[in-house]
2 protein chains.
Amino acid sequence: MFRVCVFCDNRLTRKENVTLRMKKVSPTIRDVAVEAGVSVATVSKYMNGTQRFSPAVEARLKEAIERLGYRSNPLARSMITGRTRTIGLAILDISNPHFTNVVKGANRIALQHDYTLLLVDTEENQARERSLIEALAQRVDGLIVSSRMPDEESQWMLDLNKPLVLLRRSPGLPIPSVGIDNRLSTYMLARHLLNLGHRRIAYLGFGQARINDERIRGARECLDEAGLTLDVHDAHAPTAKAGEQACSRVMLGPQRPQAVICYNDLIALGFMKEAASLGFKLPRDVSVTGIDNVPYGEYAAPALTTIDIQSEKMGELAMQKLIDGLAGRSDAEHSMFEPRLIVRESTAACG
Amino acid sequence: MFRVCVFCDNRLTRKENVTLRMKKVSPTIRDVAVEAGVSVATVSKYMNGTQRFSPAVEARLKEAIERLGYRSNPLARSMITGRTRTIGLAILDISNPHFTNVVKGANRIALQHDYTLLLVDTEENQARERSLIEALAQRVDGLIVSSRMPDEESQWMLDLNKPLVLLRRSPGLPIPSVGIDNRLSTYMLARHLLNLGHRRIAYLGFGQARINDERIRGARECLDEAGLTLDVHDAHAPTAKAGEQACSRVMLGPQRPQAVICYNDLIALGFMKEAASLGFKLPRDVSVTGIDNVPYGEYAAPALTTIDIQSEKMGELAMQKLIDGLAGRSDAEHSMFEPRLIVRESTAACG
DNA sequence: CTGAAAGCGCTAACAC
DNA sequence: GTGTTAGCGCTTTCAG
């Protein structure tokens with residue numbers, strides 16, 4: 001018993017016949033081969049541009065593919081080639097505009113090289129992080145990972161057997177990475193505030209971040225040189241909400257600071273909003289700075305003084321490094337972007 | 001000639017031997033089968049929990065898998081099952097916090113159902129949109145798509161042969177969708193402004209968006225009832241930058257509005273910043289509203305009055321619909337979220 | 001230039 | 001309970 005092929009009006013084997021019962025099927029390389037009267041190998045070579053063809057065959061192939069609407073199955077292809085043309089990107093929180101920009105930059109470069117981005121948002125959830133990334137690693141050619149896990153606990157990443165790029169400095173791991181000079185960032189901010197005449201300077205950090213210590217160190221170094229000490233506080237999350245919540249603790253305590261360096265822009269934005277609610281006039285009563293240069297610091301009131309860490313460029317470079325690695329041009333170094341101070345209205349001379 | 005298996009100390013066929021030359025290999029189901037002294041079918045069933053086993057076999061499997069660090073290859077699995085446990089999400093611009101929230105919501109539900117998210121950011125690029133989405137469709141079980149393409153030109157989406165959910169109302173397409181009541185949104189905003197005593201009300205839209213017309217209509221309807229007309233302007237992009245650029249045109253023209261309804265929050269934020277630069281006091285000189293309720297409208301000055309369109313819930317529902325569809329519980333309807341007015345400080349009584 | 005055939009790593013009948 | 005076997009859709013030698 002024979003049936004007519006839904007695609008090509010040719011006869012089918014029993015197995016192919018089954019296909020007809022499925023709701024919707026895509027034509028396979030065999031359908032094209034039959035339709036064009038060539039072998040599957042020929043179709044494959046044509047699809048991959050591996051070879052040249054006689055005009056006759058080429059025309060028939062072209063038409064058959066067009067008529068059937070054939071698109072080769074990337075999964076089957078990947079099984080053989082071992083490559084998926086997909087890159088995994090694991091970030092801590094897509095809600096944070098810093099990471100949004102990283103994604104944007106990474107995505108742009110990926111697209112340029114015909115890679116697709118597989119995104120995983122670990123939602124700052126340390127527990128799930130590892131299993132999510134391990135699952136991700138199985139479906140991609142390489143990964144870019146942002147994680148809070150200490151280097152010593154990140155050895156398992158090496159067992160993923162996939163090219164990796166980290167979004168942080170990781171001296172303890174033989175993995176290329178990109179990041180920013182955190183120490184210099186806060187050093188610059190502290191210097192800026194000292195120049196404005198501030199003496200009582202506080203730092204509102206986020207202790208769970210691996211880079212928090214570096215940021216504290218930078219600010220401390222700068223203040224030390226001036227014989228001052230840094231008043232360190234902690235927000236419980238790297239978010240605006242957390243900045244709001246921490247504000248009264250910082251501003252209504254015994255040692256009210258003249259200026260506050262925040263771990264990032266989100267905390268700074270929340271801090272400023274709450275400070276205004278508490279009746280402080282900014283920047284007159286307190287200068288505030290962030291780090292990241294997220295797009296909306298510019299639209300806050302007062303507009304936020306911050307450090308541009310070039311998030312988008314960071315994503316671009318991370319992706320470029322990974323793709324280079326995939327192409328054999330390995331580069332196991334750490335690349336550090338230079339922080340750039342953006343002075344806006346949230347910092348002013350101490351009065 | 002025999003060689004010893006890197007994983008299991010057992011003998012290898014010629015083919016398996018080749019494997020040794022590759023840089024890094026992952027063990028296959030066969031390695032596990034050999035190591036545990038069972039058949040590949042048994043390993044497969046164990047991995048999928050399809051069946052129960054004798055304690056002896058189970059123990060050996062467990063140990064072999066552990067020792068080899070075996071993880072089953074999802075690609076090979078997908079080839080057979082026809083499912084990838086991956087959902088594609090195509091959005092217009094990850095930089096827009098509205099979409100960020102959609103991603104967040106969609107991702108959360110996907111994770112809950114053990115799906116992974118494949119993200120494509122079309123970057124508002126109409127030309128690449130189609131090919132990007134077609135490529136995406138090949139690697140996923142279903143897609144959520146946000147696009148500016150008119151329904152009439154979106155027929156090709158039906159040929160993707162994949163379950164789909166659209167992030168917009170598409171009466172011309174037999175595809176389930178989620179969105180918001182755009183007409184009601186601007187109607188509510190206009191009503192709010194009328195209540196505050198404003199009479200000269202402008203709309204700063206984004207003409208390329210499919211929903212722009214609906215938003216105009218809503219505001220018009222409301223003003224009509226009061227015998228007023230809407231002054232319509234256009235921004236060239238749905239971004240803060242574009243809002244800034246459009247501001248002087250709106251505010252320094254002959255018919256200066258008392259209130260401006262912006263297409264979205266980003267345009268509104270840019271507009272407010274520029275208006276302040278031009279010397280206007282907000283909201284005294286002009287009331288401004290946005291739509292989307294992006295997280296940072298709250299931290300702008302003045303804090304932005306807006307419409308909450310529940311972006312994150314939208315992402316959640318879109319994903320839930322898709323997953324339901326994948327599970328056979330189809331639901332081809334359009335779900336509309338109710339707009340909710342959030343009054344902050346950017347709108348005030350007309351003085 | 002074109003085709004035949006051997007699998008990639010895994011699952012799904014179907015035997016035993 | 002466990003094993004055998006036939007492919008999923010495609011690429012890739014290797015002949016002709």
Side-chain angles (χ1 to χ4, degrees), chain A residues 7 12-19 22 25-61 64-65 68 70-85 138-139 141 161, chain B residues 7 12-19 22 25-61 64-65 68 70-85 138-139 141 161:
Chain A
F7 299 114
L12 296 169
T13 64
R14 188 184 59 73
K15 192 198 66 188
E16 286 165 325
N17 210 343
V18 171
T19 306
M22 299 173 57
V25 248
S26 293
T28 76
I29 198 171
R30 280 159 84 149
D31 295 317
V32 177
V34 172
E35 175 79 351
V38 298
S39 75
V40 291
T42 303
V43 181
S44 171
K45 286 166 194 153
Y46 178 78
M47 292 300 290
N48 296 299
T50 316
Q51 210 189 246
R52 309 205 61 187
F53 300 87
S54 66
V57 169
E58 179 155 358
R60 278 176 12 235
L61 279 168
I65 288 167
L68 268 47
Y70 171 71
R71 325 211 76 210
S72 94
N73 180 334
L75 255 60
R77 183 170 210 281
S78 294
M79 277 230 58
I80 300 183
T81 63
R83 275 171 281 101
T84 62
R85 295 218 75 82
Q138 294 250 62
R139 339 180 113 270
D141 294 344
N161 282 358
Chain B
F7 299 115
L12 297 170
T13 64
R14 188 184 58 74
K15 191 200 63 188
E16 285 167 327
N17 210 343
V18 172
T19 305
M22 300 173 56
V25 249
S26 294
T28 76
I29 198 171
R30 279 158 83 150
D31 295 318
V32 177
V34 172
E35 175 79 353
V38 298
S39 75
V40 291
T42 302
V43 181
S44 172
K45 286 166 195 153
Y46 178 78
M47 291 302 288
N48 296 298
T50 317
Q51 211 189 246
R52 309 206 59 186
F53 300 87
S54 67
V57 169
E58 179 155 356
R60 268 161 39 221
L61 280 168
I65 289 167
L68 268 47
Y70 171 71
R71 324 211 78 209
S72 94
N73 180 335
L75 255 59
R77 182 170 210 280
S78 294
M79 279 233 54
I80 300 183
T81 62
R83 276 171 281 101
T84 63
R85 294 219 76 85
Q138 294 249 63
R139 337 180 115 271
D141 295 343
N161 283 358

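These numbers come from the heavy atoms of this one structure, side chains and all, not from hydrogens, waters or symmetry mates. Chain letters run A, B, ... following the sequence lines, proteins first and then strands; every chain starts at 1.
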Return the value, rounded to whole Å, for the distance between atom CD of B:Gln51 and atom C1' of C:dT11.
-> 13 Å
Could you pull out the closest heavy-atom pair between B:Pro74 and A:Arg139, with the gap in Å?
-> CB-NH2, 4.0 Å
Can you sort out the partners of A:Asp141 under side-chain hydrogen bond (donor to acceptor under 3.5 Å, both in side chains), two or more places apart, ordered by chain and number?
-> A:Thr84
Give a yes or no on whether the backbone of B:Leu68 and the side-chain of B:Glu35 come within a donor-acceptor separation of less than 3.5 Å.
-> no
Calculate, to the nearest 0.5 Å, the distance between atoms OG and CD1 belonging to B:Ser44 and B:Ile80 respectively.
-> 8.0 Å
In whole Å, what is the span from the CG atom of A:Leu68 to the P atom of D:dG9?
-> 14 Å
For B:Ser39, side-chain hydrogen bond (donor to acceptor under 3.5 Å, both in side chains) partners two or more places apart | B:Thr42
Salt bridge (Lys or Arg N to Asp or Glu O under 4.0 Å) partners for A:Arg83, two or more places apart = none
Can you sort out which residues in residues 53-61 of chain B have a heavy atom within less than 4.0 Å of DNA chain D? Ascending by number, please.
-> B:Phe53, B:Ser54, B:Val57
Could you grab the distance from atom CZ of B:Arg71 to atom CG of B:Asn73, nearest 0.5 Å is fine?
-> 12.0 Å
Would you mind building the protein contact string for nucleotides 10-16 of chain D? One character per nucleotide, 5' to 3', B for base within reach (heavy atoms under 4.0 Å), S for sugar-phosphate only, - for untouched.
-> BBB----
Which residues satisfy the side-chain hydrogen bond (donor to acceptor under 3.5 Å, both in side chains) test with A:Arg77, sequence neighbours excluded?
-> A:Asn48
